[in-house]
Amino acid sequence: MDFNDTPQQAAFRTEVRSWLEANAERKVEGKRGLNRRIDSEKGLAIAKVWQAKKAAAGYACLGFPEEYGGQGRPLFDQIVYDQEEEQFDVPRSFFAIGLGMCAPTMMTYATEEQKQRHIPPMVSGEEVWCQLFSEPSAGSDLAGLGTRAVQDGDDWVINGQKVWTSGAHYSDWGILVTRHDRSLAKHKGLTFFFLDMKSPGVEVRPIKQISGASDFNEVYFTNVRIPDSQRLGGVGDGWTVSLTTLMNERLAVGGAPPPDAMDLFKLAASTQLEDGEPALADRAVREKVADWYVQAEGLRHIRSRALTALSRGEAPGPEASISKVVSAPKLQDISAYGMDLLDIGGSIIGDEAPADSAFQNGYLYAPGLRIAGGTDEILRNIIAERVLGLPGDIRVDRDKPFEDIPTGR
Amino acid sequence: MDFNDTPQQAAFRTEVRSWLEANAERKVEGKRGLNRRIDSEKGLAIAKVWQAKKAAAGYACLGFPEEYGGQGRPLFDQIVYDQEEEQFDVPRSFFAIGLGMCAPTMMTYATEEQKQRHIPPMVSGEEVWCQLFSEPSAGSDLAGLGTRAVQDGDDWVINGQKVWTSGAHYSDWGILVTRHDRSLAKHKGLTFFFLDMKSPGVEVRPIKQISGASDFNEVYFTNVRIPDSQRLGGVGDGWTVSLTTLMNERLAVGGAPPPDAMDLFKLAASTQLEDGEPALADRAVREKVADWYVQAEGLRHIRSRALTALSRGEAPGPEASISKVVSAPKLQDISAYGMDLLDIGGSIIGDEAPADSAFQNGYLYAPGLRIAGGTDEILRNIIAERVLGLPGDIRVDRDKPFEDIPTGR
Amino acid sequence: MNFDFSDAQKALKKQTRDMLRSACDLTVPRRVFEDSSESYSKDVWAALVDMEAPATAIPEEYGGIGFGYLELCAVAEEVGRSLAPVPFSSSVYLATEAILMAGSEEQKKEFLSKLATGEAIGTFALSEGPGLVTANSLSVTYAGGKLQGTKSPVPDGDIADFAVVVAEGTTGSCLALVDLTGDGVSRKPVDTVDPSRSHAAITFDGAPAQLLGSEGAGWDLKNRVFDRAAILFAMEQLGGADACLQMAADYSRGRYAFGRPIGSFQAIKHKLADVYIRNELARANNYYGAWALSTDAAELPMAAAAARVGSIEAYQFASKENIQTHGGIGFTWESDCHLFYRRSKLLSLSIGSARVWKDRLVSALESRNAA
Amino acid sequence: MNFDFSDAQKALKKQTRDMLRSACDLTVPRRVFEDSSESYSKDVWAALVDMEAPATAIPEEYGGIGFGYLELCAVAEEVGRSLAPVPFSSSVYLATEAILMAGSEEQKKEFLSKLATGEAIGTFALSEGPGLVTANSLSVTYAGGKLQGTKSPVPDGDIADFAVVVAEGTTGSCLALVDLTGDGVSRKPVDTVDPSRSHAAITFDGAPAQLLGSEGAGWDLKNRVFDRAAILFAMEQLGGADACLQMAADYSRGRYAFGRPIGSFQAIKHKLADVYIRNELARANNYYGAWALSTDAAELPMAAAAARVGSIEAYQFASKENIQTHGGIGFTWESDCHLFYRRSKLLSLSIGSARVWKDRLVSALESRNAA
């Protein structure tokens, strides 16, 4: 075991760090910086400038092949870059879904011409992408989606509704999975496309979440036409193509925002209890801090182990599933407990809220985190089946024609 | 709400109490008394004497009709009796399964002559009964049992194995469910009998549990002959008859033995921690005590609510399932935590063990309690389906011939 | 033994439930939640007053209907189930109880009749910002008949007519009764995680006030009022938890995934069984608490703490797993799930969080065992 | 960064595992468990000695092979997986570490070579009966080169050749090295929940002993030894937890109910997913602890406590849910499930329970933050 960089990594780290020093400000504790929740249009403009700067310096997407705007570097260099960048106050990325999920799908299934056209502007931040998969009736059961695609000459005509689409309202392009044949079995009747989000008939409506933020959208399709040349994979291969995207999603999700155990530690150190002592002197509080610290540290080291494996070119394991299924409930519990330490004053939210509303915001944000990108329940199924080799659930929908599967309506 | 007796109940309570004062000793805290784990043969002899005494005084089975040795009293009088008897040092009952499960089944399905013959000696403790249901391959899935019954003239010939049979080694009679036809669907091919446990071909072998005790047996049947006159219900009605027995089982199970929250409270009050203060001064310990006290009190009051309903002649609700699914893990957790308070000395067991080995014994006994009489998992299914009206699990075995149901072998 | 509500009590409960079902469906708390100009639902409050709900446990001699606490508990459960956005807990569980417990005959005559008829809304002011207030840390003072300092957040502080204030007097802590519409009082709304129940910061600058009970007894009186209120809050929490369970169970029967109702998956079935179990444990502890409250039993401190702890945890669990059962739709603003999730947290912090009550519970057990 | 064992370390782990799989299948701990005349498996101990396992982290100059702690951690995990009924933890994690940390050059030379070759078995004696021993409550005394008093339970106290004893000296607490086969020592076996690992009460009546380290430093030395041992114990616990998970998963695939493998029910699947998650969190914390141990990092106190807490809880959970997954057969004496369940509890109590280590963890965080 060795937590040090290789000489190559160390050299790269030095290079990156000095570039960042020259081009960004270091984060300052207690200062919100560019990553605070800002209106997305303004945020997008700032982020595009930063992404363009990174792209110009060659740091935008280190692992991608050079012909598409990357540097063809080993994965670990990307990690080195991310670790360094994290210490700087740079705008939040609006490009993660495009670069993390859409680009790998395009690289696998698009024509060379399409890749040349679409990937470089993704890398440079000029064009933003989104992913149109989930539907109101197809969340955990993604393959239950029903958005229809009907072939009409050289085009396909799309009708239906997608939901939980991050960034749809500012995206230029999207990847889309549809059902072209309801008489086939569930996983067989799907076909995959990419499309111009400005196409006529595409309507985007924001979804307001519990937290008040709108990170997601509903997207309605009314007779939207997509050229057959923008089909990814064969007719009926939609599920296989989707799995490429989703495999990359599992790499992207995982962590949770603060507050974490050490935030509770700090709150407890600065909050007095009944006896005038700091809450951190209370054994019950200490045990809570310890429990969550052990979880948080476990997740941190699981990530380190995964990075080690990735850097050797090994396939990603179940680490992201573990991380998500642990960190989302942890966020919910830590948030609720932090509020408890503050008594009824812990209910205050907004400008006058204690500890910058961190615990109150976490409380409102956590329920979504336990659901989006795979519920706690789906993730446990995945771990049980893929890691422990336990049998799948009994399926009543697998081999039926899609149109005959019970829907309860 | 009123926690007092009705005048009739108060009068009966007084009567019972004075009879008990005259015929038994009050329990003394810290003294083990007659209920300590004693060799079952000796214990049985003592218990039979006590049961005969109760029967002679009319207290043996207050709710049963008079013609079978009872007094036809309202259920609440039995509760009054039990509450009073609990304060006295009387031997543990070896008759609970017979009186609680076998007798109601006999009352419903046996002939008048059989009832006259068998129920009074059950009540007086002269004859002990057991229940032969579970099998090595049929636990949670009781209807998966395979012990065969083949009709041969006026007899049935039984071959197979039962398991988890409490008291089989000292029982005179037993009730038994068998499979008479493997080509029928699972629940259709069952037939129910009662039999003389001294019949040739019945072999009883004790099962040793984790705790070292042997509360259960395996029972092997080799060409055991049962007269057709001892069939209860029609050929193929075995499942229906079993449900009568099991409905009564759910009344019988529920609570857990000590240690409970107040035992932990006492342990914590008398155990010192790092700072020389009693453990009960430690907020972390206090929270544990409080959590378990709230559960324990909740269960106590659920029982009171159930008794209220029963005394009005209402059907028993899901209280026993709640009680079992809460109290067994609670026992396991309290036991483990009590041991923790004692540090490595908490591992000592036997004569030199702290607190009379209560926590150590609870630790070893609890795993069985979470399983016997319905696992945690089965009980949650029951609550979800019967109380909340949620749909049943998908069944792949329901309508298949028994012999075609997958068994993994 | 009879551990159940009487038929008359059950009828009152049903009447309350029916009334609230029609007068206060979930669009009502949502409206108050979303419209910051509306601090509470005047219509629902009027309907509760119309059925004499605030008068339930006030003796007839003080203008109440003198039903008693079992009846009030029955009403509280239904108020909780409906998420009624009204000052019921502040005015009835806290202000009314404080005056009943500590008021002089004159004070009772003056204030209780107004509380009974809903003519006045009362509240109780303890908190002084984030963190615990303790007997030694009180910064609001009472001297020479005047209050000085700031209390925040005060439930219904923006709409209440008067408040019972826990203050540091000249010879120890005391309760002081203050007219919130009078001189020397300024109030400012405070946003909380549950905007369907309004809160305010109230600043007293020489506001005239009268003692409630004797000086020096304030902290003890506060604790005794909270013991009683804890059971009523617990009943509200139980009502809310029960509503969450119903909502989740209904949804899980109707929502299909993988060709079957999601309620047929053990992950959902067992989760909802666990919600049910916690709710029933809380219900049992609460009913016992209701009995202790109605008879002023010696068990009250234990019973109150057990009811409070169990109900906090039941409601928190039910409201979060209700969202989880709903999946994606559950964490949208338009779904009603979060109204319960927010209320559940607010109620868990009112009159002290679970950790405070667990400690009180063990202290009560120690006192009992020492006795 | 490279957060993984090296190929050589992995090979050592596999070699240990293969050896123990053949020399120490579950009939071996069961035999020691059931036969009270056998305190440990001499064969398994000999096999471990034969592959120089006790010598792993002892420097070559003292007769060891000087591999280091990553190697020792790898071995410990396999010892835990196999339930090996041997004095490995007492002799290697505790006695060896104490001497390495506090011994004089002479003491190291004398004792470490014997420990490395298995010629002597050492142990560590702290407990003085049920309840915590504290720096102020030590009743065993060391004065004038002699020990007086009783330690119980002492792990492997009936078979060890010598013990490191935490005692109250004349000027504060100290560690004392005592020959258990010599004068003034009497020992009596003590039954614990896990009879596959023997314990004894040891009474010293003027037993000659030598100081290990200086007087007054005993309690601090004990804490530092325990920090190091915590990581090695955690690795044993992880091995056991992993064995439970494998056992449960295997059983759930092969056992059928309702016409399908019980492993296809979400109640079982999700339970075992939870076991896996806890095990992997523990593994990650343990590997970090192993690194801290091997490099004597400043993070050692935090890393040790996190490893210990996570592994206690993972093994406790895995061993109890392994029984639950097995159903009826799981709680029989003849099933091997309870051997893990018992060992899990014993290890959770050795060198301090989870509650002790949670407190140590937060204290370590406080020290770090103050620095």
Side-chain angles (χ1 to χ4, degrees), chain A residues 134 136-141 144 163-164 186 207-212 271-276 282 284-285 332 336-337 339-355 360 363-364 366-368 370-372 375-377 380-381 393 395-397 400 405-409, chain C residues 126-137 152-155 190-195 199 201 253-262 265-268 271 316 320 323-324 326-335 337-338 341-342 345-346 348-356 358-359:
Chain A
S134 297
S137 297
S140 291
D141 179 16
V163 75
W164 310 123
K186 195 165 183 172
I207 301 172
K208 196 170 171 183
Q209 295 142 238
I210 294 181
S211 62
T271 303
Q272 289 187 358
L273 293 188
E274 293 80 356
D275 50 7
D282 179 316
V285 177
Q332 190 164 36
Y337 192 72
M339 292 169 78
D340 283 358
L341 288 186
L342 297 165
D343 211 65
I344 181 68
S347 69
I348 300 174
I349 205 159
D351 291 340
E352 292 173 40
Q360 294 78 2
Y363 183 77
L364 297 178
R370 285 181 60 193
I371 293 165
T375 64
D376 293 357
E377 291 74 23
R380 287 200 176 83
N381 251 24
D393 292 350
R395 293 294 290 266
V396 296
D397 60 338
K400 282 205 176 91
I405 295 173
T407 64
R409 275 161 315 190
Chain C
L126 170 64
S127 178
E128 300 183 349
L132 281 173
V133 195
T134 70
N136 300 322
S137 76
S152 173
V154 179
V190 169
D191 293 332
T192 75
V193 287
D194 180 12
H199 285 72
R253 281 188 294 262
R255 167 79 181 185
Y256 276 58
F258 305 100
R260 44 193 279 208
I262 61 169
F265 288 98
Q266 288 185 338
I268 299 293
K271 181 197 294 301
Q316 283 271 279
K320 74 184 184 184
I323 297 177
Q324 187 70 13
H326 278 71
I329 198 75
F331 72 92
T332 63
W333 187 268
E334 70 179 308
S335 158
C337 291
H338 70 117
Y341 182 65
R342 289 165 179 274
K345 190 69 224 171
L346 182 75
S348 84
L349 297 172
S350 306
I351 67 164
S353 69
R355 48 172 303 288
V356 172
K358 285 178 190 177
D359 195 59

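Every chain is numbered from 1 and lettered A, B, ... according to where its sequence line falls, protein lines coming before strand lines. Computed from a predicted model, the values in this text were never measured in an experiment.
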key: Interface moiety of A:Gln272 toward chain C, non-hydrogen atoms closer than 4.5 Å   = backbone

inquiry  = For the backbone of A:Ile349 and the side chain of C:Asp191, can you confirm whether one donor and one acceptor N or O come within less than 3.5 Å of each other?
reply    = no

message = Please classify the contact between A:Asp376 and chain C as side chain, backbone, both or neither, with a heavy-atom cut-off of under 4.5 Å.
response = both

ask   = At what distance, to the nearest 0.5 angstrom, does OG1 of A:Thr375 lie from CD1 of C:Ile268?
value = 7.5 Å

ask   = Which region of A:Arg395, side chain (C-beta onward) or backbone (N, CA, C, O), has a non-hydrogen atom less than 4.5 Å from a non-hydrogen atom of chain C, or is it both or neither?
value = side chain

key: Check: A:Pro367 main-chain N/O paired with C:Lys320 side-chain donor or acceptor under 3.5 Å   = no

inquiry  = Donor-acceptor pair, distance only, cut-off 3.5 Å: does the side chain of C:Tyr341 make one with the backbone of A:Tyr363?
reply    = yes

inquiry  = Assess the residue pair C:Ile329 and A:Val163 against the criterion (side-chain contact (heavy atoms from CB on, under 4.5 Å)); give the C-alpha distance rounded to whole Å, side-chain angles, the decisive distance to 0.1 Å, and a yes or no.
reply    = CA-CA 10 Å; C:Ile329 198 75; A:Val163 75; over 6 Å; no

task = Return the option, out of C:Arg253, C:Gln324, C:Glu128, with the maximum number of heavy-atom pairs under 4.5 Å with chain A.
result = C:Gln324

message = Please report the interatomic distance OG(C:Ser335) to CD1(A:Ile210), rounded to the nearest 0.5 Å.
response = 7.0 Å

request  = Between chain C and each of A:Ala355, A:Ala353, A:Ser137, count heavy-atom pairs under 4.5 Å; write down the option with the most.
outcome  = A:Ser137

Nearest atoms (heavy-atom pairs only) where C:Ser348 meets A:Asp340 = OG-OD1, 4.1 Å

key: Separation between CZ of C:Arg342 and CG of A:Leu364, rounded to the nearest 0.5 Å   = 4.5 Å

ask   = Is it the backbone or the side chain of C:Ser137 that comes under 4.5 Å from a heavy atom of chain A, or both, or neither?
value = neither

key: Minimum-distance pair of heavy atoms, taken over all atoms of C:Gly259 and A:Ile405   = CA-CG2, 3.4 Å

task = Would you check if A:Ile344 and C:Thr192 make a side-chain contact, meaning some heavy-atom pair closer than 4.5 Å?
result = no

inquiry  = Strictly below 4.0 Å, N to O, side chains only: are A:Asp343 and C:Arg355 in salt-bridge contact?
reply    = no

request  = Could you tell me which portion of A:Lys186 (side chain, backbone, both or neither) has an atom closer than 4.5 angstrom to a non-hydrogen atom of chain C?
outcome  = side chain

ask   = With side chains defined as the heavy atoms from C-beta onward, is the minimum distance between C:Lys345 and A:Gln360 less than 4.5 Å?
value = no

query = Under 4.5 Å between any side-chain heavy atoms of C:Pro153 and A:Ile348, yes or no?
reply = yes

request  = Return yes when atom CD of A:Glu274 has more than 12 non-hydrogen atoms of other residues, nucleotides or ligands closer than 6.0 Å, and no otherwise.
outcome  = yes

ask   = Do you know the tightest heavy-atom contact between C:Phe258 and A:Ser140?
value = CZ-O, 3.6 Å

key: Student check: side-chain heavy atoms of A:Trp164 and C:Thr332 closer than 4.5 Å   = yes

Closest contact, heavy atoms only, C:Arg255 versus A:Ala138 = NH2-N, 4.2 Å

note = Applying a strict 4.5 Å limit to non-hydrogen atoms, the region of C:Gln316 in contact with chain A is side chain

note = So, the part of A:Ala284 with a heavy atom under 4.5 Å from chain C: the answer is neither

query = Given that the side chain runs from C-beta out, which part of C:Val193 has a heavy atom under 4.5 Å from chain A: side chain, backbone, both or neither?
reply = both

request  = Working to the nearest 0.5 Å, report the span between OH of C:Tyr256 and OG1 of A:Thr407.
outcome  = 7.5 Å

ask   = Of the backbone (N, CA, C, O) and the side chain (C-beta and beyond), which part of C:Lys271 lies under 4.5 Å from a heavy atom of chain A, both, or neither?
value = side chain

request  = Check C:Ser127 against A:Gly345 and note the closest heavy-atom contact, atom names and distance.
outcome  = OG-N, 4.2 Å

